[in-house]
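The block underneath contains the structure these notes are about, expressed in structure tokens.
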Protein chains: 2
Amino acid sequence: MTVNNQVKQKYEARARIIKAMGHPTRLFIVDELSKGERCVCELRDMIGADISTVSKHLSVLKQAGIVGDEKRGLQVWYNLRVPCILNFFGCVEDVLKANVAQARKAIT
Amino acid sequence: MTVNNQVKQKYEARARIIKAMGHPTRLFIVDELSKGERCVCELRDMIGADISTVSKHLSVLKQAGIVGDEKRGLQVWYNLRVPCILNFFGCVEDVLKANVAQARKAIT
DNA sequence: GTGCTATTTGGCTATTTTGCCAAATAACAA
DNA sequence: TTGTTATTTGGCAAAATAGCCAAATAGCAC
């Protein structure tokens, strides 16, 4: 089976979503939002980067459809729109564990 | 809670693995390997890119610990080392569906 | 209206990623 | 040995990403 244009677009759409998760700061944000909604300034305080940087990371996640936002007063509150994204963590942990085991085996 | 160095490294390690999945070609490879092992030339034929390009994508996945390889004769056969990675697809599909629903709602 | 705070956007540079070509390497056959 | 095939590696240019600063925007209080 060759990858035609339609199939290619399907994988591109999927990759866009996964790519949005592929950054340590954005991963942290998702993890934090799994505990409840957070405003941008709270996240900035935790992350310690410029607020414009945090805002752009949030916009990447929002663009992908992973988070949603709601403005209340001066603050914008972000929330996790698709909790199933948390399932990623479990498998990622498995991969890391397997890598450690493999590294150990390679030494001995 | 501020993000200290140790916490940062944990998220970086996780992000490296997810980032390895965040490319349409690599996503296709993982999907294909879920059906069984494939050699590089088979994947190249399906993907239609230069074989060096395919080889480099495979090396990114291998580096992350997602795939393994085995040389048999002239060919190198790649296999999926952590099948749980396939769980990603289901959630990604959910995100895409939610996005479509949201877009529809925005129009009307 | 002015002033203050929270957030986003534009613009810039530095870094990373991608994909091709060419060259190197590895396994096998003659 | 030479030749052939499969794959990886090095190098390069184009494209994408990241993070900062400064400016713009939005909501609220006065």
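A, B, ... follow the sequence lines: proteins, then strands. Residue 1 opens every chain. Hydrogens, waters and symmetry mates are skipped; everything else that's a heavy atom, side chains included, is used.
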**Study point:** side chain to side chain donor-acceptor pair (under 3.5 Å) partners of B/Glu12, counting only residues at least two apart
**Key:**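 Expected list: none.
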Exercise for review: Verify the distance criterion only: is there a donor paired with an acceptor across the side chains of B/Gln102 and A/Arg81 at less than 3.5 Å?
Suggested key: yes
Check your understanding: Do B/Asn99 and B/Arg104 get their side chains close enough for a donor-acceptor pair, meaning under 3.5 Å?
Key -> no
Exercise for review: Indicate yes or no for a side-chain donor-acceptor contact from B/Arg26 to the backbone of B/Ala20 under 3.5 Å, with no hydrogens or angles considered.
Suggested key: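 Side chain of B/Arg26 to backbone of B/Ala20: a pair is present.
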Review point. If only atom types and distance count, is the side chain of B/Arg72 paired as donor or acceptor with the main-chain N or O of B/Trp77 below 3.5 Å?
Key: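 Looks like no, no N/O pair under 3.5 Å.
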Check your understanding: Going by heavy atoms in the side chains, are B/Ile85 and B/Leu80 under 4.5 Å from each other?
Key -> yes
Could you give the [atom1]-to-[atom2] distance, from [X] to [N], as a whole number of Å?
X	N	atom1	atom2	value
A/Ile29	D/dA18	CD1	P	11 Å
B/Asp50	D/dC12	CG	C1'	14 Å
B/Lys8	D/dG19	NZ	C1'	12 Å
B/Ile51	D/dT4	CD1	P	18 Å

Exercise for review: Enumerate the residues from residues 52-71 of chain A whose closest heavy atom to DNA chain C is under 4.0 Å, giving them by residue number; use none for an empty result.
Suggested key: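 A/Ser52, A/Ser55, A/Lys56, in order of number.
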Practice item. Determine the contact category for B/Arg26: base if any of its heavy atoms lies under 4.0 Å from a base atom, sugar-phosphate if only primed atoms, P, OP1 or OP2 are that close, otherwise nothing. Key: sugar-phosphate
Practice item. With heavy atoms under 4.0 Å as the rule, sort A/Arg72 into base, sugar-phosphate or nothing. Key: nothing
Check your understanding: Are B/Lys56 and B/Asp50 ion-paired here, with the side-chain N under 4.0 Å from a carboxylate O?
Key -> no
Point to revise | Opening and closing nucleotides of DNA chain C in contact with chain B, under 4.0 Å to non-hydrogen atoms | key: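 The contact span of chain B on DNA chain C goes from C/dT17 to C/dC28.
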Review point. For the residue pair A/His23 and A/His57, does the interplanar ring angle fall in the parallel (under 30°), tilted (30 to 60°) or perpendicular (over 60°) class?
Key: tilted
Practice item. Working to the nearest 0.5 Å, report the span between SG of A/Cys39 and OH of A/Tyr78. Key: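 The distance works out to 11.0 Å.
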Review point. Pick the nucleotide of DNA chain D nearest each of A/Leu74 and A/Thr25; which residue has the one closer to the 5' end?
Key: A/Thr25
Point to revise | DNA chain D: 5'-proximal contact among B/Gln75 and A/Lys19 (nearest heavy atom) | key: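 Nearest-nucleotide comparison on DNA chain D picks B/Gln75.
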